[in-house]
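Every chain is numbered from 1 and lettered A, B, ... according to where its sequence line falls, protein lines coming before strand lines. When reading the values below, keep in mind they use all heavy atoms of this one structure, side chains included, and skip hydrogens, waters and symmetry mates.
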Amino acid sequence: MPVALFWNLNRRTLCEEVAQLCNAHEVDILVLAESHMPDVEIQRSLRRETETVYIAPFNELSSRIKFFFRYPPESVRQVADSYGVSIREIRPPVGMSLLLAGVHLSSKLYVDREEQSSQARLVTRMIEEAERSVGHERTLVIGDFNMNPFEGGLVDADSFHSVMAQSIAERKMRKVRQVERRYFYNPMWGKLGDGSQGPPGTYYYQGFKNRELFWNMFDQVLIRPELLPYYRKEALQVLTEVGDRQLLTGDRINGYFSEHLPIMIGLATE
Amino acid sequence: MSNIESFWGEIPTPTDFPDLPNKILKEQGSLLTDATDGSLIGEAALSDRHKQHFSAVLRIKVPSLNNYIYNIVKVEYPISIYPVTVIDLTGKDQNSVCKSVDELRQKLKQILGSDKVKSVITALLAQVSANAVLEA
């Protein structure tokens, strides 16, 4: 079962913490955003902690996303890279191939909602093009969308078109104004708020506007319907501890680490 | 020192301990390594040693595929060892709890002897031999 972990590191030096998480959760695919640490340093920590080799191919093509794979080099192929999105095809020695898109979309600090939605549309078109080029839709999108699951960029049919219910995603697509729009399933809906297992979100921000959410679920995974038979909800987690250390302090995220919490998903495709 | 009273009581010897999950996994790993003449390495590793609990994973490592790792099963156990939680990493099975060594052995037998694991071993050995032909 390949396990993918994503963490926006917030430019912190967290080599050891990342490696500990990879060891504790048997991570095969590590995806990092805002990582300013040299790849070789991360690889060294990974090797020391896990006693296995992680490769880091094609990272020079991407400024915002870094990938590390516990696969042979011939199992990973570069498909596309653009601002905020990097797409790789993974053909593991056992099991089926996957299309993996790592995303880190622009922050609300720098662009408005319309710009975010526009970027989401562009990234979705890139993913669709990648799916056509590899000839399947076993696609997993993971990363920091800088939008919540209920915002337009995630929900709109001409954007990610991600829905909260597997039963809807299983319909595969719907026509909107005569254009076929395929679904993603967004399991992060089930992680929102206190009613879910784990923290209420992955990112905490307390501002001074009239409307404040405090907890946000910016870090998400989206799954195409073709992968749903290999997904089970227990295999999706928002992580709150590294070894004995807590990533939360009280009801907030411990700023000593990143301002984001890591997320992890396993798919039984191998 | 001899006149200091020991508060520890009688300290148990290692023979009193039940078989550790990690030891059982290592034994099974070695059997796979031997049976495949080292083409596939059965490896048991402690993956987590924090918060007074342990996790041991049995995995297949394939040296000729750049040390590709395929995880088969994970056993999580507290410092008191049993009951342990067995997590089948090869499919969508739910976790199961084993209250004793015998139950653990039975569960591991079921997972390691499953069709899924057999097909994985077959696929890996096929690739190992294909690689050997290419390199020859």
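- Looking at B:Val120, the atoms closer than 4.5 Å to chain A (heavy atoms on both sides) sit in the backbone and in the side chain alike.
- Between A:Glu131 and A:Arg224, at least one side-chain nitrogen of the basic residue sits less than 4.0 Å from a carboxylate oxygen of the acidic one, meeting the salt-bridge criterion.
- For A:Thr50, the part sitting under 4.5 Å from any heavy atom of chain B is the backbone (N, CA, C, O) and nothing else.
- In this structure, A:Arg47 is not positioned above the aromatic face of A:Tyr54 in the sense of NZ or CZ being under 6.0 Å from the six-membered ring centre and within 45° of the axis.
- Each of B:Ile69, B:Asn67, B:Leu89, B:Val62 has some count of heavy-atom pairs under 4.5 Å with chain A, and the biggest count is that of B:Ile69.
- For A:Gln246 and A:Glu241, the side-chain atoms include at least one donor-acceptor pair closer than 3.5 Å.
- Both the backbone and the side chain of A:Pro73 come within less than 4.5 Å of a heavy atom in chain B.
- For A:Leu267, no part lies near chain B; criterion is any non-hydrogen pair under 4.5 Å.
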*asked:* If you apply the rule salt bridge (charged side-chain N to carboxylate O under 4.0 Å, His left out), what do you find for A:Arg182 with A:Glu137, and how did you get there?
replied: CA-CA 10 Å; A:Arg182 282 171 286 160; A:Glu137 293 174 13; 2.4 Å; yes
Distance-only check: which donor-acceptor pairs under 3.5 Å involve side-chain atoms of residues 194-201 of chain A, not counting sequence neighbours?
| residue | atom | partner | partner atom | Å |
| --- | --- | --- | --- | --- |
| A:Ser196 | OG | A:Lys191 | O | 3.0 |
| A:Ser196 | OG | A:Gly193 | O | 3.0 |

